[in-house]
Q: 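Just passing along the structure, written as structure tokens.
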Amino acid sequence: MLFNPRCFDGSKTEGERDGELGAHQQRQEEISKLPVEMGWRNFPFRLYHGFWFHEPHLNGVISLRRNFCRPAPSDLFLVTFPKSGTTWLKALAFAIANRSSGHHINSGHRSILSRHPQDCSPYLEGFYAGPHVPNLDAMPSPRQLGTHMPYSLLPESLRDEGSPGRIIYLCREPKDTLVSTVHFINTMGSEQSSIAAGPISMDQAAELFCKGLSPYGPVWEHQLEYWRESQRRPDKLLFLKYEDLMAEPAANVRKLANFIGRPFSPEEESCGMVAEIVELCCFEKLSGLEVNKAGVRGKEIGVTVNNSSFFRKGKVGDWREHLSPEMAEKVDVITRDKLRGTGLSHSPEPPAPHADQGGEMP
Ligand code: PAP
């Protein structure tokens, strides 16, 4: 059964619901006082604890921080900076966790063939965007929960040393992330007439991105927070790269399965289950499915996107087609500067002579 993100707790008293409405109002007032910048097609962005958020997402971000209860031991959090391969990660994690023990991948409602990957694990900030606190307990375990939250803004109960929840973070090379973001934002529809400003150009977007002003930006701090935590607690946080997943899908699918707690049995290995999951979740397969081609989402926050917008090219290095050499260099300089000495690096494809080769790939 598909979990309905708008499934609220009917057992709440009128007083509790009024209290939630009051807290919602307070959050809205708090948000209206945060620093604001316009830019990405006139969408208002607000700065909250060092990160920029598209304003309609912020209520959900703050509510999630404050109202999320303790994670269950079986909870798996799928985290990305936007446009870093979220859809792919959700599809893979779902297919791995929901395969039957045996020789075949599930069909019917437990199949990635019949639901959009974005519906396999709810986007938590969207889930908490309304005035009332959602009832996560209504979601069957084991739960896979998606979020773009920076590590430092995750609910405390998830960051606690003793927290039972585990996290998979998928990281992508910043220039490809930027290009993907531009295309995605330019496909967005909105009920706000001010968005009629038209598409943002690649150069305008790159300037904003370099200042950290992009959804959940700056990208470097976002990646580094998770990278550092993955180094400190590898049993709790698995850090993967989009580019590695593309280069060595089978090895990374095994890594995912081990971390999820569903390693492939010798029998599954010998019947080609790993290759089957890789194939099932590859860009060509998913983008061709009817369920991923039709429909829109995002109405609950007044911004609509086509389900098909989550599938564009799915390539490593597509930035070369879209960024001027100057813009690419500008992003690279910041990336090298921010990541220097951290152990995290993004190897360009093919390696550029100026690239920082110092860091170990995770
Ligand atoms: P989100 O962060 O808004 O949820 P996300 O899935 O990260 O979305 O962004 C879509 C990107 O993932 C697109 O990248 P592109 O613009 O560079 O093409 C999309 O094509 C890519 N993508 C989606 N599904 C797959 C897949 N199965 N394999 C590889 N890339 C994929």
Side-chain angles (χ1 to χ4, degrees), residues 5 40 43 53-54 56-57 60 77-96 112-113 115-127 144-150 168-188 202 205 209 214-217 219 222-223 226 240-250 252-253 256 276-289 291-293 296-298 301 303-323 346 349:
W40 292 76
F43 284 114
F53 296 89
H54 181 203
H57 289 89
F77 293 81
L78 305 176
V79 191
T80 48
F81 186 82
K83 313 326 290 179
S84 298
T86 320
T87 311
W88 196 11
L89 177 62
K90 286 183 174 183
L92 286 168
F94 182 84
I96 290 167
I112 194 69
L113 298 174
R115 62 165 81 176
H116 195 291
Q118 293 284 343
D119 291 327
C120 293
S121 33
Y123 166 54
L124 281 174
E125 295 89 307
F127 195 81
Q144 295 192 348
L145 305 162
T147 178
H148 294 313
M149 294 280 269
I168 298 173
Y169 185 78
L170 183 63
C171 168
R172 192 178 191 187
E173 199 280 323
K175 298 190 296 308
D176 276 342
T177 304
L178 160 63
V179 166
S180 185
T181 306
V182 173
H183 286 286
F184 187 77
I185 288 197
N186 282 341
T187 66
M188 276 172 146
M202 204 51 83
F209 189 83
S214 68
Y216 293 80
V219 65
H222 199 285
Q223 294 180 346
Y226 282 95
L240 298 176
K241 287 179 173 176
Y242 184 97
E243 297 74 21
D244 293 348
L245 203 45
M246 198 60 90
E248 293 186 286
N252 281 281
V253 162
L256 273 171
E276 208 178 321
I277 288 181
V278 168
E279 177 68 16
L280 186 71
C281 298
C282 76
F283 179 86
E284 290 70 24
K285 176 79 181 181
L286 291 183
S287 59
L289 296 174
V291 67
N292 296 332
K293 289 201 270 187
V296 292
R297 61 183 57 239
I301 54 166
V303 179
T304 52
V305 289
N306 296 326
N307 278 332
S308 59
S309 300
F310 292 89
F311 303 92
R312 192 182 61 90
K313 279 197 184 168
K315 287 211 159 69
V316 171
D318 184 51
W319 61 268
R320 291 171 199 284
E321 307 290 325
H322 302 278
L323 291 183
H346 294 288
E349 185 66 33

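All values derive from a computational prediction rather than experimental measurement. Just so you know, ligand 1 is whichever comes first in the structure, and atom 1 is the first atom listed for that ligand.
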Q: Look at atom 2 (O) of ligand 1 and say which protein heavy atom is nearest, naming residue and atom and giving the distance to 0.1 Å.
A: T86 OG1, 2.6 Å

Q: Report, in ascending order of atom number, the atoms of ligand 1 lying under 4.0 Å from any heavy atom of P82.
A: 2 (O)

Q: Calculate, to the nearest 0.5 Å, the distance between atoms CD and CG belonging to E173 and D318 respectively.
A: 11.5 Å

Q: Look only at interatomic distance and state if Y242 has a nitrogen or oxygen under 3.5 Å from any nitrogen or oxygen of ligand 1.
A: yes

Q: So which of F81, F311, F310, W88 gets nearest to atom 10 (C) of ligand 1, if we judge by its closest heavy atom?
A: F310

Q: Out of K315, H183, K313, R172, who gets a non-hydrogen atom closest to atom 17 (O) of ligand 1?
A: R172

Q: Is the distance from the ring center of Y169 to that of F81 below 6.0 Å?
A: no

Q: Of K241, E243, Q223, which meets side-chain hydrogen bond (donor to acceptor under 3.5 Å, both in side chains) against H346?
A: Q223

Q: Looking only at heavy atoms, is any part of Y123 under 4.0 Å from ligand 1, and if so is it the side chain, the backbone, or both, or is it neither?
A: neither

Q: Which heavy atom of Q144 sits nearest a heavy atom of L78, and at what distance?
A: OE1-CD1, 4.0 Å

Q: Assess whether side chain to side chain contact (heavy atoms under 4.5 Å, CB included) is satisfied between F77 and L124, documenting all intermediate values.
A: CA-CA 10 Å; F77 293 81; L124 281 174; 4.0 Å; yes

Q: Give yes or no for whether the N/O distance cutoff of 3.5 Å, strictly under, is met between D176 and ligand 1.
A: no

Q: For the atom pair CZ (R320) and NZ (K175), what is the distance rounded to the nearest 0.5 Å?
A: 7.5 Å

Q: Going by distance only, is there an N or O of F184 that falls short of 3.5 Å from an N or O of ligand 1?
A: no

Q: Quick one: pull up CG in L286 and CD in E279 and give me the separation to the nearest 0.5 Å.
A: 10.0 Å

Q: In terms of residue, atom name and distance, what is the protein heavy atom nearest to atom 6 (O) of ligand 1?
A: T87 OG1, 2.4 Å

Q: Against heavy atoms of S180, which atoms of ligand 1 measure under 4.0 Å?
A: 11 (C), 13 (C), 14 (O), 15 (P), 16 (O), 17 (O)

Q: With no hydrogens and no angle check, is any side-chain donor or acceptor of D176 less than 3.5 Å from a backbone partner on W319?
A: yes

Q: Walk me through whether W40 and H54 qualify under side chain to side chain contact (heavy atoms under 4.5 Å, CB included).
A: CA-CA 9 Å; W40 292 76; H54 181 203; over 6 Å; no

Q: Just heavy atoms, cut-off under 4.0 Å: does A91 contact ligand 1 by side chain, backbone, both, or neither?
A: neither

Q: Where is the nearest protein heavy atom to atom 20 (O) of ligand 1: which residue, which atom, and how far?
A: R312 N, 3.0 Å

Q: Tell me which part of C282 gets within contact of ligand 1: side chain, backbone, both or neither, using heavy atoms under 4.0 Å.
A: backbone

Q: Taking T177's backbone N and O only, do any of them form a donor-acceptor pair with S180's side chain (distance below 3.5 Å, no angle check)?
A: no

Q: Does C281 approach ligand 1 within less than 4.0 angstrom via side chain, backbone, both or neither, non-hydrogen atoms only?
A: backbone

Q: Measure the distances from the heavy atoms of K90 to every atom of ligand 1 and state whether one is below 4.0 angstrom.
A: no

Q: What atoms in ligand 1 come closer than 4.0 Å to a heavy atom of Q118?
A: 4 (O)

Q: Look at the aromatic rings of Y123 and H148 and report parallel, tilted or perpendicular, splitting at 30° and 60°.
A: tilted

Q: I need the nearest protein heavy-atom contact for atom 3 (O) of ligand 1: residue, atom name and distance, please.
A: K83 NZ, 2.8 Å

